[in-house]
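First up is the structure itself, then whatever we jot down about it.
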Protein chains: 2
Amino acid sequence: MNIGDVARLSGLPAKTIRYYEDIGLITPKRAENGYRRFRESDLHKLSFLGRARSLGFSIEDCRTLLALYEDQSRASADVKALARGHLNKIEAKIAELQQMHDTLSHLVKACHGDDRPDCPILADLATPAET
Amino acid sequence: MNIGDVARLSGLPAKTIRYYEDIGLITPKRAENGYRRFRESDLHKLSFLGRARSLGFSIEDCRTLLALYEDQSRASADVKALARGHLNKIEAKIAELQQMHDTLSHLVKACHGDDRPDCPILADLATPAET
DNA sequence: CATAAGGCTTCCATTCACTGGAAGGTCAAG
DNA sequence: CTTGACCTTCCAGTGAATGGAAGCCTTATG
């Protein structure tokens, strides 16, 4: 398979696939003409990576997950710990965004939004933080 | 005031303040020795920027907000539209993270997390997307 | 007066995970 | 033979800083 084929099948852009080779996540063979030649196992890895990335795992996490996946003697505890750690980060990020959201939606509601300059949003921004 | 003073007072790192000058958000004067000389108005702008950034506004949004803030004849509708747009992005991001969170926490719960290799998290990642 | 500590300057590189684009080689169809 | 779709590499840019090196400037102390 050429890169266009695995791109279609994995749903990843060809650029991204080349990048993944660059950073050593996959190591496709080369044909005589220099084209990358992908095997089923490469495609499988790429799909795995795409799914892991869509769950928000970092590239380094993906590297670890791939290694665990291929290690037949892995402990599921290791996978779970990694996922749990990522989940914690997601939760922290959601909490942070929720905080922004609450503050901002309050301000947006308070702003009458007409052609007058008076604006509670700008007033808040101009006010020293009250943490 | 030197950069260290405004850094302390605004809560922003000196590096960040220099960067803000670089991209034209502030334009402090210079003393004879080459040091940046900040005025009260610069400090005020920096605090404004810090607060806006903490609400997640992009640098370009901050630039616009600052311009609106300084435009005495602004329409509050313009500020509100910008904030509303940002709020939409926050909501989209929260929804995306919440989706990741739901999927991942389900998987984490399903993983027994012991020393056996069997793992529903890896099984999910190895499964083609079902979108 | 010398020196040491701390503050200031600029400039360059790095982060993360791609993405865009240029310049050029390869291949199959008409 | 040419067109167009692929493929290749390499370089640069994204956002928003952050880290570090090399080298002035200032202030306090011995």
Side-chain angles (χ1 to χ4, degrees), chain A residues 1-38 42-43 45-46 48-66 85-86 89-90 92-93 96-97 100, chain B residues 1-38 42-43 45-46 48-66 85-86 89-90 92-93 96-97 100:
Chain A
M1 279 183 292
N2 283 343
I3 198 167
D5 304 314
V6 280
R8 259 184 303 283
L9 292 169
S10 69
L12 294 172
K15 275 267 184 193
T16 299
I17 296 171
R18 289 193 196 98
Y19 171 68
Y20 285 175
E21 183 190 19
D22 235 43
I23 62 174
L25 285 177
I26 51 166
T27 49
K29 294 277 190 302
R30 293 295 176 129
E32 303 245 318
N33 60 9
Y35 286 18
R36 290 170 183 80
R37 214 178 34 204
F38 296 84
D42 293 317
L43 174 57
K45 275 194 197 182
L46 287 170
F48 183 101
L49 288 168
R51 176 91 177 120
R53 290 288 300 128
S54 80
L55 286 177
F57 284 103
S58 72
I59 288 287
E60 284 318 301
D61 280 352
C62 288
R63 200 188 294 279
T64 306
L65 285 169
L66 213 44
H86 178 44
K89 279 188 211 126
I90 290 177
K93 191 74 193 167
E96 186 193 344
L97 286 171
M100 286 179 188
Chain B
M1 280 184 292
N2 283 343
I3 199 167
D5 304 316
V6 280
R8 259 184 303 283
L9 291 169
S10 68
L12 295 171
K15 275 269 185 192
T16 300
I17 295 171
R18 289 194 196 97
Y19 171 67
Y20 285 176
E21 183 190 20
D22 235 44
I23 62 174
L25 285 177
I26 51 167
T27 48
K29 293 277 192 302
R30 294 293 177 131
E32 303 243 318
N33 60 10
Y35 285 19
R36 290 168 183 81
R37 213 177 36 205
F38 295 85
D42 293 316
L43 173 57
K45 275 194 196 181
L46 287 170
F48 184 101
L49 289 168
R51 175 92 177 118
R53 289 290 296 128
S54 80
L55 286 177
F57 285 103
S58 72
I59 288 288
E60 284 319 300
D61 279 353
C62 287
R63 200 187 293 279
T64 306
L65 284 170
L66 213 44
H86 178 45
K89 278 189 211 126
I90 290 177
K93 190 75 193 165
E96 185 193 345
L97 286 172
M100 287 178 187

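Order of the sequence lines sets the chain letters (A, B, ...), proteins ahead of strands, with each chain counted from 1. The figures that follow rest on heavy atoms only: side chains count, while hydrogens, waters and symmetry mates do not.
- Summarising the geometry, atom CG belonging to L49(B) is positioned 7.5 Å from atom CD1 belonging to I26(B); distances are rounded to the nearest 0.5 Å.
- Nearest heavy-atom pair across L46(A) and Y20(A) is CD2-CD1, 4.0 Å.
- Using a distance-only test at 3.5 Å, with no hydrogens or angles considered, a donor-acceptor pair links the side chain of H86(A) to the main chain of L55(A).
- The two residues S10(B) and I17(B) have their closest heavy-atom pair at OG-CD1, 4.1 Å.
- Among dT9(D), dG7(C), dT26(C), the nucleotide with an atom closest to any side-chain atom of R36(A) is dT9(D).
- Look at T16(A) and you'll find a side-chain N or O under 4.0 angstrom from OP1 or OP2 of dT19(C).
- Spacing between atom CD of E21(A) and atom C1' of dC18(C) amounts to 16 Å, rounded to whole angstrom units.
- With distances taken from any side-chain atom of R18(B) to the nucleotides dT9(C), dT18(D), dC18(C), the minimum falls on dT9(C).
- Relative to the side chain of K15(B), the nucleotides dG20(D), dT8(D), dA16(D) differ in distance, and dG20(D) lies closest.
- With respect to the salt-bridge test (charged N to carboxylate O, under 4.0 angstrom), the residues K93(B) and E96(A) do not qualify.
- Backbone-only contact: R53(B) has heavy atoms under 4.0 Å from sugar-phosphate atoms and none from a base.
- Taking only side-chain atoms of N33(A), from C-beta outward, the nucleotide of dC27(C), dC25(D), dT9(C) with the closest atom is dC27(C).
- The base of dG25(C) lies close enough to the side chain of Y35(A) for a donor and an acceptor atom to sit less than 3.5 Å apart.
- Checking side-chain atoms of N33(A) against main-chain N and O of Y35(A) turns up a donor-acceptor pair under 3.5 Å.
- Among dC18(C), dA16(D), dC8(C), the nucleotide with an atom closest to any side-chain atom of N2(B) is dC8(C).
- Distance, F38(B) CZ to dT9(C) C1': 12 Å, rounded to whole Å.
- When each of dT9(C), dT18(D), dT19(C) is scored by its nearest atom to the side-chain atoms of R30(B), the top-ranked nucleotide is dT9(C).
- Put simply, CG on L49(B) is 12 Å from P on dA16(D), counting in whole angstrom units.
- Across all strands shown, F57(B) has no heavy atoms under 4.0 Å from either base or sugar-phosphate atoms.
- In terms of modelled atom types and a separation under 3.5 Å, the side chain of R63(A) and the main chain of I23(A) share a donor-acceptor contact.
- Rounding to whole angstrom units, CD1 of residue I23(B) and C1' of dT14(D) are separated by 14 Å.
- Residue Y19(B) places none of its side-chain N or O atoms closer than 4.0 Å to OP1 or OP2 of dG15(D).
- Summary of helix geometry: the two end axes of the helix from dC1(C)-dG30(D) to dG30(C)-dC1(D), each defined by five base pairs via their C1' atoms, are inclined to each other by 30° (rounded to 10°).
- Under 4.0 Å is where a charged nitrogen must lie from a carboxylate oxygen, and between D42(A) and K45(A) no such pair does.
- For R63(B) and dG15(D), the CZ to C1' distance is 12 Å, given to the nearest whole Å.
- One atom, CD1 of I3(B), and another, C1' of dG6(C), lie 15 Å apart when rounded to the nearest Å.
- One can place CD of E32(B) at 16 Å from C1' of dC24(D), the figure rounded to the nearest angstrom.
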